[in-house]
Amino acid sequence: MQIKCLIIATYFLIPQLIMADQNFGIAVHGGAGVMKNLSEERRTKIEEKVNETLTKAYKILNDGGTSMDAVEFVVSEFEDSPLFNAGKGSVYNSNEVQEMDASIMNGKDRSAGAVASVRNVKNPIKLARKVSELTEHIMLVGDGAYEFAKNIGETIVDSDYFYSEKNLKRLRKAKDKLVSSNIIHDKIGTVGAVAIDKNGNIAAATSTGGMTNKMPGRVGDSPIIGSGTWAQNGVCGVSTTGHGEFFIKYQVAREVCARMEYMNKSISDSSEEILMELKDINAYGGLIAIDSEANISMPFNTHGMIRGSVSNKTNINVAIY
Ligand code: GLY
């Protein structure tokens, strides 16, 4: 009888004790770039939005919610804000249209969903998650992604929803300025989040409007699993921001985790080294990364990166420079 009780106690209690030790936390970004002209007013608004969103996301994790729910929440909040280049605040392509990219990955089983060049969908990140959970595919693009969104009842909005005088001015400036390379790498860029929950599950999510004056149909790194987004339980979760073409060529998100996995590097060494290497080839941007102990790294090789983090072992921290 005593032995039986001991076996039952061991079976039920030990996993709970292990779980009690699991660190959890979240990091977010709102783009990297040259932020010298950021007005005091805009800076304050951005910092407040990041702070408020992080606080709510931490509550999701602290209440026992999943890392997938936390990262989706953050990214959809940023998509609903005109302050960031994603969702509502997305920049215009050369046809004066917003084409958006997003992806999400669950480190528990490497399931992932992505949408690219999608129009009129209010929250591309929610659609990306639905691609992962409701289809046998990982990425849907353009009209197919739009049809899927309509069929499953995702919120579709009119083009007016994305209208921005400021973004239109930037497009016209870009068009007037140069003949060949006239794409603007927007200073307020892509948004993303990485998190680990109380069960040790890691998730990552990224969303963007891309670059001002990009060619119609251009897809950046944000919806590419391994480039803009990566999540792998036991190793790390990464979301990137920056010049997408380089982040695709160097598979940056996966590379951070690969160096940790195969070279035993810490999350900060791995992330910082890669950003330095990218700078050497004039590839600019940044990333946020979280490991299985909720250690967080947020390096960038640009003038600034909108970022924030909080975990059960560290206080909330929001910064731009
Ligand atoms: N990193 C976002 C993009 O290049 O589209």
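Numbering of ligands and ligand atoms starts at 1, following listing order.
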(message) Quick check: Asp221 and ligand 1, any N/O pair under 3.5 Å apart?
(response) yes
(message) Please report whether ligand 1 has a polar contact with Gly220, defined as an N or O pair separated by less than 3.5 Å (distance criterion only).
(response) no
(request) Check whether any side-chain N or O of Asn123 sits under 3.5 Å from a backbone N or O of Ile125 as a donor-acceptor pair, and report yes or no. (result) no
Checking [Y] against [X]: is there a side-chain donor and acceptor pair closer than 3.5 Å?
{"X": "Thr229", "Y": "Thr206", "result": "yes"}
{"X": "Asn213", "Y": "Asn93", "result": "no"}
{"X": "Lys198", "Y": "Asn312", "result": "no"}
{"X": "Asn120", "Y": "Asp158", "result": "no"}

(request) For this output row, return yes or no: ring centroids of Phe24 and Tyr58 closer than 6.0 angstrom. (result) yes
Show the atoms of ligand 1 that are less than 4.0 angstrom away from any heavy atom in [X].
{"X": "Gly242", "value": "1 (N), 2 (C), 3 (C), 4 (O)"}
{"X": "Gly210", "value": "5 (O)"}
{"X": "Thr190", "value": "1 (N), 2 (C)"}
{"X": "Gly244", "value": "4 (O)"}

(message) Heavy atom to atom 5 (O) of ligand 1, shortest distance: which of Arg218, Met211, Met100 holds it?
(response) Arg218
